[in-house]
Amino acid sequence: MTDPAQTQHPANSLHTGPDEKGHFGPYGGRYVAETLMPLILEVEKTWHAAKEDPAFWEEFKDLAKHYIGRPSPLYFAKATTEHLGGAKIYFKRDELNHTGAHKINHCLGQILVARRMGKGRIIAETGAGQHGVATATVCALFDMPCTVFMGAEDVQRQAPNVFRMKLLGAEVVPVTSGSSTLKDAMNEALRHWVANVHDTYYLIGTVAGPHPYPEMVRDFQSVIGQETRDQLQEAEGRLPDSVVACIGGGSNAMGLFYPFLDDPSVRLIGVEAGGHGVETDKHAASLNGGTEGILHGMKSYFLQNEDGQITEAHSISAGLDYPGIGPEHAWLHDLKRAEYVSVTDEEALDAFQKLSKLEGIIPALEPSHAFAHVLKIAGDLPKDHLMIMNLCGRGDKDIFTVADKLGVEL
Amino acid sequence: MNRINTIFETLKAEGRKALVTFIMAGDTDAGTAQEILDALPGSGADIIEIGMPFTDPMADGPAIQAAGLRALDSGADMHKTLEMVQQFRTKNNTTPIVLMGYMNPVLAFGPEAFTKACAECGVDGLILVDLPPEEADEIAPLAQQNGLHLIRLLTPTTDMQRLPNILNGAGGFLYYVSITGVTGTKSANVDEVGKHIAEIKTQTDLPVVVGFGIKTPDDAAAMGEIADGIVVGSALVEQIGAGANSAVISTQVQALKDALKAA
């Protein structure tokens, strides 16, 4: 693992973002209520001091190794490679982390920041419950009270994760305002934060929100890309030709992409949730089907109507079901440094089943989107093309959704 | 001269405090909102804030969230909000109008087109809840060119170190958010707010108006003692949501006005 702070970058590097006000090109920033501004500035100050402090990273690395189980393996997917007959495919196995997904990386990092700020309570928002479970996990580890805001509809749909959070000692607050989904859970967490600034830290679950969250979460998640880089160097002696990751808010993708931003030979491919298709009104593809806007403290791309009213996202994967995307992705999209594509619910569902049978790995529905795109493009690529896909979560949580879609009663 | 400056000069000369009333544009529908708006000056409102409906109002409590959704459900949008002001101005050319809301609908309209349209329709000021001074460059120069005050928010978390940042570029009046919380929830601590406002007043000549958590005539009287004016929003909006017509709202506003006079 390399500390982000220890690496020096040339002035024209894509690693220099964000600027001192938290902007990635025109995106990012701090669009929050005045009540939160002093606190946001304090989070930034604490985070930047932590980033420069070797003792902070020592603690992070120690827990990443012994508690999360890092580094996660880089696995040569032989069966998939032979099946497709094109690119040589590797999986970054972040589904093997403690709690079964990459979310734990930034939860661990952020709770260390919260502790340095002297904040005694943690709040978080969650959609499917994965970030909520990861947050509740680190709160149990550090013995801090934890409140998770979750859309009332999601509470119904994700009962096993609600139970997990409760087992871990967290309080789960069903949110009934707005449309009772992830964006409303985030609104409610922000409202709660405004009312409890003195003792509370908001542990945001993706590379979104006001500065410094997109930068901070990216830096904690970039352990994924850094390990991948080192592991592929060892396995193949060179850089990958392409890296593929699914995108909701964009934390696993940003973590994978970031260490490769300054290597133009590496194609960066983000896969958005196309739902019923980006041409319909039922998808969660903010870059392919959204426009520039401001929500949840940041300027980025959002699903919205002409009047600037935010519209509902839809995806079979609750973890991708968010009407916005992290600002750094918006910037990389405009710069054309990364390509952003989408796959539909149906394609993801097929990929979910295919990966289970081909490799004996039941993936989460989120990386099933990434795998669906791998299935589309890898066969046409030359055999010496090295492709890495981030397998960012395991699928146990999704078996009920998938069974339901396949018409199987459990 | 901007109507906001004029009203505060008048209020000062008469030794009165400003009663600022908030309603949501298009709530519960365009006709109802227009009728209520048109009657507000006659019932004692000195300044009127009109909420620009937004799906995701992160600084607002349940009452104003619901008002925005009611308005959107009845077909409200930014064009109709501006038309509402334009219509009001055919009958009233003195009561200041301040549009209050979030940046996204403004960005969707286009900051340049929006500020121009505001000026043409007779808007006097803007309160953009999720636009701290750090991000204001996008709209501040345009607001100024169009004679609109960009009204800044102060909160209990604003310390003296941050204050100059907020005052820089502030116009019209300062909106003091009296609680750490969202609109219409808890009640403020009058003593603490009073102390903070006194401190702020050493640094600026702008009038300071207090909002968030003022519901009853008693609240109005207490806050009127320590500030240049008060804002009542959620309490009115709750009544509108419950089906109150403009006569009911007028009575409610009149009671607040009387309490404030007595202050």
Side-chain angles (χ1 to χ4, degrees), chain A residues 20-23 26 28-42 44 175-179 181 183-184 186-200 209-211 291-300 302-312 323-324, chain B residues 52-62 65-66 68-69 71-72 75-81 101-110 114 127-138 152-159 161-162 165-166 175-177 179-183 185-186 212:
Chain A
E20 74 283 358
K21 281 183 162 182
H23 294 115
R30 288 174 287 218
Y31 296 88
V32 297
E34 183 56 38
T35 312
L36 287 180
M37 272 311 292
L39 187 53
I40 294 280
L41 293 169
E42 195 192 330
E44 183 190 345
V175 174
T176 52
S177 61
S179 53
T181 58
K183 80 174 173 73
D184 306 289
M186 198 155 178
N187 289 333
E188 211 53 42
L190 284 163
R191 289 178 187 128
H192 181 90
W193 203 22
V194 165
N196 296 277
V197 278
H198 59 287
D199 67 349
T200 301
H211 178 63
T291 49
E292 187 185 315
I294 293 169
L295 183 71
H296 295 151
M298 61 177 174
K299 185 183 276 184
S300 188
F302 295 94
L303 304 181
Q304 56 184 321
N305 70 14
E306 278 181 3
D307 189 44
Q309 307 299 336
I310 304 301
T311 53
E312 287 296 298
Chain B
M52 301 178 277
F54 183 44
T55 40
D56 295 80
M58 69 170 183
D60 284 303
Q65 289 171 39
L69 294 181
L72 291 170
D77 63 20
M78 192 66 95
H79 292 278
K80 289 183 184 145
T81 300
Y102 295 80
M103 257 311 272
N104 200 50
V106 172
L107 192 70
F109 198 98
F114 174 72
I127 302 177
L128 295 163
V129 178
D130 56 353
L131 193 78
E134 280 81 352
E135 303 291 348
D137 290 354
E138 201 159 355
R152 291 275 165 83
L153 299 158
L154 298 167
T155 78
T157 61
T158 308
D159 57 23
Q161 199 189 332
R162 182 159 175 76
N165 233 344
I166 297 174
Y175 188 127
Y176 188 89
V177 175
I179 53 167
T180 51
V182 294
T183 49
T185 49
K186 45 193 180 185
F212 284 45

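So that the names make sense, note that chain A is the first sequence line, chain B the second, and so on, each numbered from 1. Since we're looking at a predicted model, the values are computed, not measured.
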Interatomic spacing from [atom1] in [X] to [atom2] in [Y] - rounded to 0.5 Å:
X	Y	atom1	atom2	result
B:Gln65	A:Asp184	CD	CG	8.5 Å
A:Leu36	B:Asp130	CG	CG	11.0 Å
A:Met186	B:Asp56	CE	CG	11.0 Å
B:Leu107	A:Phe302	CG	CZ	10.0 Å
B:Thr157	A:Glu42	OG1	CD	11.0 Å

Side chain / backbone / both / neither for [X] at chain A, heavy atoms under 4.5 Å:
X	answer
B:Asp159	neither
B:Gln161	neither
B:Leu72	side chain
B:Leu153	both
B:Ala76	backbone

Heavy-atom pair of closest approach, residues [X] and [Y]:
X	Y	value
B:Leu69	A:Gly178	CD1-CA, 4.1 Å
B:Met58	A:Tyr31	CE-O, 3.4 Å
B:Pro57	A:Arg191	O-NH2, 2.7 Å
B:Val182	A:Val194	N-CG1, 4.5 Å
B:Arg162	A:Pro38	CD-CG, 4.1 Å
B:Glu134	A:Arg30	CG-NH2, 3.8 Å

Note: vs chain B, highest number of non-hydrogen pairs under 4.5 angstrom among A:Leu41, A:Leu190, A:Asn305, A:Val32 is A:Val32

From the list A:Met37, A:His23, A:His296, A:Lys21, the residue making the most non-hydrogen contacts under 4.5 Å with chain B is A:Met37

*Note, A:Gln304 side chain near B:Pro105 side chain (heavy atom, < 4.5 Å)*: no

In plain terms, say whether A:Glu34 and B:Arg152 are close enough for a salt bridge, that is, a side-chain N and a carboxylate O under 4.0 Å apart.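 Result for this pair is no, no salt bridge flagged.
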
Requested in this report: For the pair B:Thr180 and A:His198, evaluate side chain to side chain contact (heavy atoms under 4.5 Å, CB included) and give the outcome as yes or no after the intermediate values.
Outcome: CA-CA 9 Å; B:Thr180 51; A:His198 59 287; 5.9 Å; no

With no hydrogens and no angle check, is any side-chain donor or acceptor of [X] less than 3.5 Å from a backbone partner on [Y]?
X	Y	result
B:Asn104	A:Gly308	yes
A:Thr35	B:Thr155	no
A:Gln309	B:Pro53	yes

| query | Step by step, would you call B:Phe54 with A:Leu295 a side chain to side chain contact (heavy atoms under 4.5 Å, CB included)? | reply | CA-CA 11 Å; B:Phe54 183 44; A:Leu295 183 71; 3.9 Å; yes

Mind checking what makes salt bridge (charged side-chain N to carboxylate O under 4.0 Å, His left out) contact with B:Glu135, not counting sequence neighbours?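 Testing B:Glu135 for salt bridge (charged side-chain N to carboxylate O under 4.0 Å, His left out), a comparison that skips the adjacent residues, returns none.
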
Most heavy-atom pairs under 4.5 Å with chain A, out of B:Val177, B:Val106, B:Asp60, B:Leu131, belong to B:Asp60

